[in-house]
Amino acid sequence: MTRKTALLMLALATLAALPCWAAPPSANRGQCSDIPLRLIVAPQTHGQGGISGDGLSIYNNPNDPAFNGGTQYQDGVGGVYVKFQVCNGTNDFIVNLRSTSPVRYLNLDFSSQLAPPDTGDGAVDLTGQQFHQQGEQINEMANPALYTNGQFVTCSGFGLNALSKTVTGGTFWFHPPTPVVLDCNGGAGQDLANQPVNTSSVLVQQINACTWTASPILDSTGSFYRVGVAETVKITGTTTWVAGGQFQMPFSYEIQKLNCTP
């Protein structure tokens, strides 16, 4: 397991200030603070696949029509954790909703299957299901060195909870093998998520000093916002990765830095 993958799993299981971004973590010890954010999730059409919000906190801003009426998650409100993790050197965007009260979540709609799961080797078929997930990572989003003309493409992942007695968890990936992006490391799970067609990358765009957007781009077929699922199956004490299928999964996020003036 790579260092970034290990940190992702830890963040999901537990969980722009340019001078802090630019300096190595060792230079900021004792003074660096991770960057608090507000995440706004645009609605998706129910039954057609996609990531949407829980609807518990509505974002009302007619001056932001693309996201007006979406669901907002603000760091520090009701146990919500939404931050750029800069002080550990990963520069990742992390959502962790596991300590929220009332319970908050992102809704994953698996209505539109693009490739079947490997049920013969023990995978659970998620087709048609709605999952409430409480953690996501978008890789290196706070790393200014990766941006060209205000944007770059990267990978993203969700940690899945246990799906059955034998499927102990897994990961939900936007993670194609190309283009090669810093810390979008490969591995058995990610490789399975890209079968039979490579998943979509995530396009990150910086709108101004305080605002970013993130959404998947069309896959290599030019037709789908494709995500891949890799499940961990444990049988007779041995855990293996198994392909969990691929799905149409559009999403649209706006990320706002708190206490920031563009």
Side-chain angles (χ1 to χ4, degrees), residues 7-15 33-85 88 92-111 124 126-138 141-142 156-164 167-174 202 210-216 227 229 231 247 249-260:
L7 286 168
L8 163 64
M9 299 309 293
L10 176 61
L12 296 182
T14 62
L15 285 190
S33 297
D34 290 327
I35 300 169
L37 306 164
R38 176 189 293 111
L39 166 66
I40 303 153
V41 182
Q44 299 293 330
T45 302
H46 182 75
Q48 296 184 12
I51 302 172
S52 57
D54 56 25
L56 293 181
S57 179
I58 301 300
Y59 177 67
N60 293 307
N61 185 351
N63 295 321
D64 190 4
F67 291 91
N68 186 40
T71 299
Q72 63 180 346
Y73 304 82
Q74 181 168 319
D75 184 75
V77 176
V80 168
Y81 180 102
V82 184
K83 283 184 167 71
F84 286 147
Q85 288 192 343
N88 61 7
D92 291 342
F93 169 75
I94 297 292
V95 180
N96 187 338
L97 306 174
R98 296 180 183 274
S99 297
T100 52
S101 179
V103 174
R104 304 294 307 275
Y105 57 86
L106 296 169
N107 187 70
L108 279 55
D109 178 1
F110 289 94
S111 293
V124 170
L126 302 179
T127 305
Q129 299 191 45
Q130 307 281 326
F131 270 75
H132 295 171
Q133 288 300 123
Q134 294 184 297
E136 183 180 7
Q137 173 226 33
I138 299 179
M141 194 170 168
S156 179
F158 289 75
L160 294 176
N161 298 326
L163 303 175
S164 70
V167 178
T168 57
T171 308
F172 168 98
W173 288 107
F174 294 95
V202 173
C210 305
T211 309
W212 297 256
T213 61
S215 59
V227 76
V229 179
E231 302 176 13
F247 299 86
M249 198 64 65
F251 69 84
S252 184
Y253 293 168
E254 183 171 274
I255 295 98
Q256 301 172 353
K257 183 181 176 184
L258 299 181
N259 305 313
C260 181

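Side-chain atoms are counted along with the backbone in the values below, which use heavy atoms only and exclude waters and symmetry mates.
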Do Gln72 and Gln74 get their side chains close enough for a donor-acceptor pair, meaning under 3.5 Å? no
Distance (rounded to the nearest 0.5 Å) between Arg38 CZ and Asp75 CG: 10.5 Å
One should read off an interatomic distance between Gln130 CD and His46 NE2, to the nearest 0.5 angstrom, of 5.0 Å
Short side-chain to backbone donor-acceptor contact, Gln133 and Gly159, under 3.5 Å: yes
Compare every heavy atom of Gly53 with every heavy atom of Val41, then report the nearest pair and how far apart it is. CG1-N, 3.7 Å
Show, in sequence, the C-alpha distance, side-chain angles and deciding distance for Leu39 and Glu136, and conclude whether the side-chain contact (heavy atoms from CB on, under 4.5 Å) test is met. CA-CA 12 Å; Leu39 166 66; Glu136 183 180 7; 5.7 Å; no
Drop me the distance from Trp173's CH2 to Leu160's CG, to the nearest 0.5 angstrom. 10.5 Å
Distance from Ser52 atom OG to Tyr105 atom OH, nearest 0.5 Å? 8.0 Å
Are side-chain heavy atoms of Phe247 and Val229 found at a separation under 4.5 Å? yes
Tell me, do Met249 and Pro216 make a side-chain contact under 4.5 Å, heavy atoms counted? no
At their closest point, which heavy atom of Pro43 faces which heavy atom of Gly69, and how far apart are they? CG-O, 4.2 Å
Is there a side-chain contact between Asn60 and Asn68 in this structure, where contact means two heavy atoms from C-beta onward sitting under 4.5 Å apart? yes
Begin with the C-alpha distance, continue with both residues' side-chain angles, and end with the deciding distance and a verdict on side-chain contact (heavy atoms from CB on, under 4.5 Å) for Gln256 and Tyr59. CA-CA 12 Å; Gln256 301 172 353; Tyr59 177 67; 3.1 Å; yes
Grab the two heavy atoms, one from Ala66 and one from Ala42, that are nearest each other, plus how far apart they are. O-CB, 4.2 Å
Taking atom CZ of Arg98 and atom CG of Asn161, what is their separation to the nearest 0.5 Å? 5.0 Å
Show your working on side-chain contact (heavy atoms from CB on, under 4.5 Å) between Ile94 and Lys83 and close with a plain yes or no. CA-CA 6 Å; Ile94 297 292; Lys83 283 184 167 71; 5.7 Å; no
Would you check if the side chain of Gln134 reaches a backbone N or O of Arg104 as a donor-acceptor pair within less than 3.5 Å? yes
In short, Ser164 meets Val167 closest at the heavy-atom pair OG-N, 3.0 Å
A side-chain contact here means heavy atoms from C-beta on lying under 4.5 Å apart; do Ile138 and Trp212 qualify? no
Ser111 backbone acceptor or donor facing Asp109 side chain under 3.5 Å: yes
Is there a side-chain contact (heavy atoms from CB on, under 4.5 Å) between Leu37 and Lys257 once you walk through the steps? CA-CA 5 Å; Leu37 306 164; Lys257 183 181 176 184; 4.2 Å; yes
Between Ser215 and Ser252 the two heavy atoms that sit nearest each other are CB-CA, 4.3 Å
Taking the side chain as every heavy atom from C-beta outward, state whether Val227 and Phe158 have any pair of such atoms under 4.5 Å apart. no
Ignoring hydrogens and angles, tell me if any N or O in the side chain of Glu231 forms a donor-acceptor pair with the backbone of Val124 under 3.5 Å. yes
For Tyr253, the ring-ring contact (aromatic ring centres under 6.0 Å, His included) test, sequence neighbours excluded, returns Phe251
Report yes if the side chains of Asn107 and His132 come closer than 4.5 Å at any heavy-atom pair, otherwise no. yes
Considering only heavy atoms from C-beta outward, does the side chain of Leu97 approach that of Val80 to under 4.5 Å? yes
Nearest-0.5 Å distance, CD1 of residue Ile51 to CG of residue Leu108: 5.0 Å
Side chains of Asp54 and Tyr73 in contact at under 4.5 Å (non-hydrogen atoms): yes
